[in-house]
Protein chains: 2
Amino acid sequence: MVTQKYHHGDLKNALIKAGIEILSSDGVGGLSLRKVAQRAGVSHSAPYAHFADKQALIAAISTEGYRRLYERLLSVNRNYSGDPLRQLVEAAWVYTRFALDDPAHFKITLSGIIEKEKDYPAFVEMSQRSFSVVAEIVRACQQEGILEPGDTDAVAVSVWSLVHGFVSLLLEGQISHTVTERMSTRELLIFTLNRMVEKPIPSEWVAEEGNI
Amino acid sequence: MVTQKYHHGDLKNALIKAGIEILSSDGVGGLSLRKVAQRAGVSHSAPYAHFADKQALIAAISTEGYRRLYERLLSVNRNYSGDPLRQLVEAAWVYTRFALDDPAHFKITLSGIIEKEKDYPAFVEMSQRSFSVVAEIVRACQQEGILEPGDTDAVAVSVWSLVHGFVSLLLEGQISHTVTERMSTRELLIFTLNRMVEKPIPSEWVAEEGNI
DNA sequence: GACGATATCTTGACAATGTCAAGATTTTCT
DNA sequence: AGAAAATCTTGACATTGTCAAGATATCGTC
């Protein structure tokens, strides 16, 4: 049976959900096992029946973060099928929106708080799946001359680096105010993507929020 | 007086130094105030004479990290004066080396662990100074047609995003092994920079470690 | 349906940690 | 020299991650 109904019902997922909620309200520093347990309505040691330690819970929360990102990336690909440039822009935008909407969840998922990712295969798999969506977009862009040809995985790393770096600097407040005062976040993202792309991104897209 | 000589001599800097050493040996998770105090040879509460709380010590350690980065960036600019493309490549390499040589110090400095940077003016200033070095390189690159013209600060954000993202993904182990197995880190970095630059980076530079 | 094995959860405890208060000691200033 | 300030120690407390022992519910087998 997948969803076991013991005392609580589905405590494992309840703990993940509680953790995400606490991240949203109290930030990364406010996430404690005991608070998570309390919010789920169980005693402070109950989580140990489902997670080996705090790292394991964080890994599960991160995996869920990646899963949500992955689903939105797939959704973008579906909604803009046949338009790789638009897929690229909206995939980057989805990434940015995740970070802005839920900064703490984004950080814990993608800012390397997990020390040994190797120990959490589910996390590694979701991360690889997300990367492969990006690689697929990159491949399509290469076929249309939007991105330079060559090693698709390497180009995908470059593109992913650009987007991830942009979002990271954004979250850390490290982007100069002289820039953010003049351009919206979406405008700056598109400006940045334009540095890497062979054909210009239509300027109308700045105003159009992509459909997810 | 700047360097006061009281009981210990210069405990404030000793604590920063001890913190950096602990980061290097025990990682970000292993950094505790009490361990720092012990390593500096003082009691567990002594740091409170110099730092308001743990965040303040972390801010000081981060500021020192930025200072080191800043100095190396300046050094790059000096050593490759008049060669903006090379300055760009080696500045990016300096950034990468900092992350690889001292991952925990890099993370705590640049991965947004400080919640409210605003509260630490010294940190903000070093961060802005470092950015201005990059902006200076970008401006020189624009003048030589190496980077597209236009808003220099915005282009600098794009370039900085690319490098920062690359390094972050590298540290987090999120770069596909299909890529890292075929290319060295420096090669991949230069490959990535080549996606954003109008003139190709000489392939000989891959083998040449830049002088810092 | 009964029963042993297993999964789940609670209670209680402990060490590590961040932080504060009170006091001792040293330096600085007048 | 003596007062004031800075520096450091000791002791305490709440929070937290983690483990051990035990209670309770569920599952698989007969």
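Worth saying up front: this structure is predicted, and the values here are computed from it rather than measured.
- Separating the CD1 atom of A:Ile22 from the P atom of D:dT16 is a distance of 10 Å, rounded to the nearest angstrom.
- Distance CZ (B:Phe51) to C1' (D:dC8): 15 Å, rounded to an integer number of Å.
- Legend: residues meeting side chain to side chain contact (heavy atoms under 4.5 Å, CB included) with A:Arg182, ordered by chain and number and at least two apart, are A:Thr178, A:Val179, B:Asp151, B:Asp153.
- Of the candidates D:dT16, C:dT17, C:dT8, C:dT17 carries the atom nearest the B:Lys35 side chain, counting heavy atoms from C-beta on.
- Qualifying side chain to side chain contact (heavy atoms under 4.5 Å, CB included) partners for A:Pro84, counting only residues two or more places apart in sequence or in other chains: A:Gln87, A:Ala140, A:Cys141, A:Glu144, A:Ile146.
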Polar-atom pairs under 3.5 Å, protein N or O versus N or O of nucleotides 10-12 of chain C: list them with distances, or write none.
from, atom 1, to, atom 2, distance (Å)
C:dT10, OP2, A:Ser43, N, 2.5
C:dT10, OP2, A:Ser43, OG, 2.8
C:dT11, O4, A:Ser45, OG, 3.1
C:dG12, O6, A:His44, NE2, 2.7
C:dG12, O6, A:Ser45, OG, 3.3

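- At a threshold of 4.0 Å, the pair A:Arg68-A:Glu71 does not count as salt-bridged, since none of the basic side-chain nitrogens sits closer than that to a carboxylate oxygen.
- Atom P of nucleotide C:dA16 and atom CD of B:Gln38 are separated by 11 Å, given to the nearest angstrom.
- To the nearest angstrom, P of D:dT16 lies 17 Å from CD of A:Gln55.
- Annotation: side chain to side chain contact (heavy atoms under 4.5 Å, CB included) contacts of A:Ser81 (sequence neighbours excluded): none.
- Rounded to whole angstrom, the span from the CG atom of B:Leu33 across to the C1' atom of D:dT15 amounts to 15 Å.
- With distances taken from any side-chain atom of B:His50 to the nucleotides D:dT18, D:dT7, C:dG18, the minimum falls on D:dT7.
- Counting only heavy atoms from C-beta outward, the side chains of A:Tyr80 and A:Val89 never approach each other to under 4.5 Å.
- Residue A:Lys12 contributes atom NZ, which lies 12 Å from atom P of C:dC9 at whole-angstrom precision.
- A:Asp83 pairs by the salt bridge (Lys or Arg N to Asp or Glu O under 4.0 Å) definition with nothing, not counting sequence neighbours.
- Residue pairs meeting the salt bridge (charged side-chain N to carboxylate O under 4.0 Å, His left out) criterion with at least one member in residues 120-133 of chain B, sequence neighbours excluded, are B:Glu125-B:Arg129.
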Quiz: residues 26-41 of chain B side-chain donor-acceptor pairs under 3.5 angstrom, not counting sequence neighbours:
from, atom 1, to, atom 2, distance (Å)
B:Asp26, OD2, B:Lys35, NZ, 3.1
B:Ser32, OG, B:Lys35, N, 3.1
B:Lys35, NZ, B:Gly30, O, 2.7
B:Arg39, NH1, B:Glu21, OE1, 2.3

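- For the helix from C:dG1-D:dC30 to C:dT30-D:dA1, the terminal axes (five pairs an end, C1' atoms, rotation from four pairs onto the next four) enclose an angle of 20°, given to 10 degrees.
- Nucleotide C:dT19 holds its C1' atom 9 Å from the CG atom of B:Asp53, rounded to whole Å.
- Summarising the geometry, the separation between CG on B:Leu15 and C1' on D:dC8 is reported as 11 Å, rounded to the nearest angstrom.
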Under 3.5 Å, sequence neighbours excluded: what are the donor-acceptor pairs made by side chains of residues 189-197 of chain A?
from, atom 1, to, atom 2, distance (Å)
A:Thr192, OG1, A:Leu188, O, 3.0
A:Thr192, OG1, B:Ser158, OG, 3.0
A:Asn194, OD1, A:Ile201, N, 3.0
A:Arg195, NE, A:Phe191, O, 3.2
A:Arg195, NH1, B:Glu148, OE1, 3.1

